[in-house]
Amino acid sequence: MTASFTEVTRAVCTPEELFDLSLSIDTHLESMAHSGERAVGGVTGGAIGLGESVTWRARHFGVVWKMTSRITDLDRPHRFVDEQVRGPFRSFHHEHRFERTGDVTVMTDTVTLRSPLLGWIVEPLLLRPYLQRLIRTRNTVLVDTLARRRSDPAA
């Protein structure tokens, strides 16, 4: 079985600003501090780019997981895709889209995944809601970071 969800986030910024910040390993780590997430392989700081990968180590559901993701498509500042190349899922595909509407950039995250077992139970009841909360948390940090930068350009 395959599970999918979409999360829409709005930020007062340019698509380029939000796009670039979305590729920041450091900002991702800040947003996942509650899980003790660390970048332990590949690109471990700064921005990740097309064809590059990062290996994450984090605690979720009381278990330590490792997952390696690669940027498989990138069209700045409109879209990029990261996909699991090694990790806990049968498949994990995360598309990020950026569109300007007036003074606002709309970022649309679409995540499609397949769990390693019992997908028909695990995906809708556990994985999809949990991952959607993680994406929301990450996106809140992105928007807050951009707002801080706008109010204090030295930050």
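Interatomic distance, CD of Glu7 versus OG1 of Thr110, reported as 10.0 Å (0.5 Å rounding). Atom OG1 in Thr6 sits 8.5 Å away from atom CG in Asp109 (nearest 0.5 Å). Note that CZ of Arg90 and CD of Gln84 are 12.0 Å apart. Values are rounded to the nearest 0.5 Å.
Of the possible polar contacts, one joining the Ser35 side chain to the Met32 backbone as a donor-acceptor pair under 3.5 Å is found. At distances below 3.5 Å, not a single donor-acceptor pair connects side-chain atoms of Arg149 with backbone N or O atoms of Ser151.
The closest side-chain heavy-atom distance from Asp26 to His28 is not below 4.5 Å. Side-chain atoms of Phe92 and Leu131, non-hydrogen and from C-beta on, do get closer than 4.5 Å to each other. Two residues are said to be in side-chain contact when any heavy atoms from C-beta on lie closer than 4.5 Å; Pro15 and Glu99 fail this criterion. Two residues are said to be in side-chain contact when any heavy atoms from C-beta on lie closer than 4.5 Å; Arg57 and Glu37 fail this criterion. Val111 is not listed as a side-chain neighbour of Ser4, based on a closest heavy-atom distance of 4.5 Å or more. For the pair Thr27 and Val141, the minimum side-chain heavy-atom distance is below 4.5 Å.
Among the candidates Asp144, Val143, Thr137, the single residue satisfying the side chain to side chain contact (heavy atoms under 4.5 Å, CB included) test with Thr140 is Asp144.
Under a 4.5 Å side-chain heavy-atom cut-off, the cluster of Ile, Leu, Val, Met, Phe, Trp and Tyr residues that includes Ile25 is completed by Leu18, Phe19, Leu21, Leu23, Leu29, Val43, Ile48, Leu50, Val54, Trp56, Ile71, Leu74, Phe80, Phe98, Met107, Leu142, Leu146.
More than 12 heavy atoms of other residues, nucleotides or ligands lie within 6.0 Å of CZ in Arg136, so this atom counts as buried by the packing criterion. Atom CD of Glu16 is surrounded by more than 12 heavy atoms from other residues, nucleotides or ligands within 6.0 Å.
A side-chain donor from one of Thr72 and Glu83 sits under 3.5 Å from a side-chain acceptor of the other. Between the side chains of His93 and Asp82, no donor-acceptor pair of N or O atoms lies under 3.5 Å.
The nearest pair of heavy atoms linking Met67 to Pro88 is CB-CD, 3.9 Å. Closest heavy-atom contact between Gly102 and Arg100: O-NE, 2.7 Å. Smallest separation of non-hydrogen atoms from Thr68 and Ser53: CG2-CB, 4.1 Å.
Applying the salt bridge (charged side-chain N to carboxylate O under 4.0 Å, His left out) test to pairs two or more places apart or on separate chains, those with a residue in residues 61-76 are Asp20-Arg76, Asp73-Arg79.
Taking a cutoff of 4.0 Å between a charged side-chain nitrogen and a carboxylate oxygen, Glu95 and Arg97 qualify as a salt bridge. With respect to Glu17 and Arg150, a salt bridge is recorded, a charged nitrogen being found less than 4.0 Å from a carboxylate O.
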Take Ser24 and Glu30 through the test side chain to side chain contact (heavy atoms under 4.5 Å, CB included) and record every step on the way to the result. CA-CA 10 Å; Ser24 168; Glu30 178 186 341; over 6 Å; no

Any chance you could lay out the side chain to side chain contact (heavy atoms under 4.5 Å, CB included) test for His94 and Val81, step after step, and finish with the verdict? CA-CA 6 Å; His94 184 177; Val81 174; over 6 Å; no

Show your reasoning for whether side chain to side chain contact (heavy atoms under 4.5 Å, CB included) applies to Ile135 and Arg133. CA-CA 5 Å; Ile135 297 293; Arg133 281 192 302 276; over 6 Å; no

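Taken together through direct or relayed side-chain contacts under 4.5 Å among Ile, Leu, Val, Met, Phe, Trp and Tyr, Phe89 and Tyr130 form part of one hydrophobic cluster.
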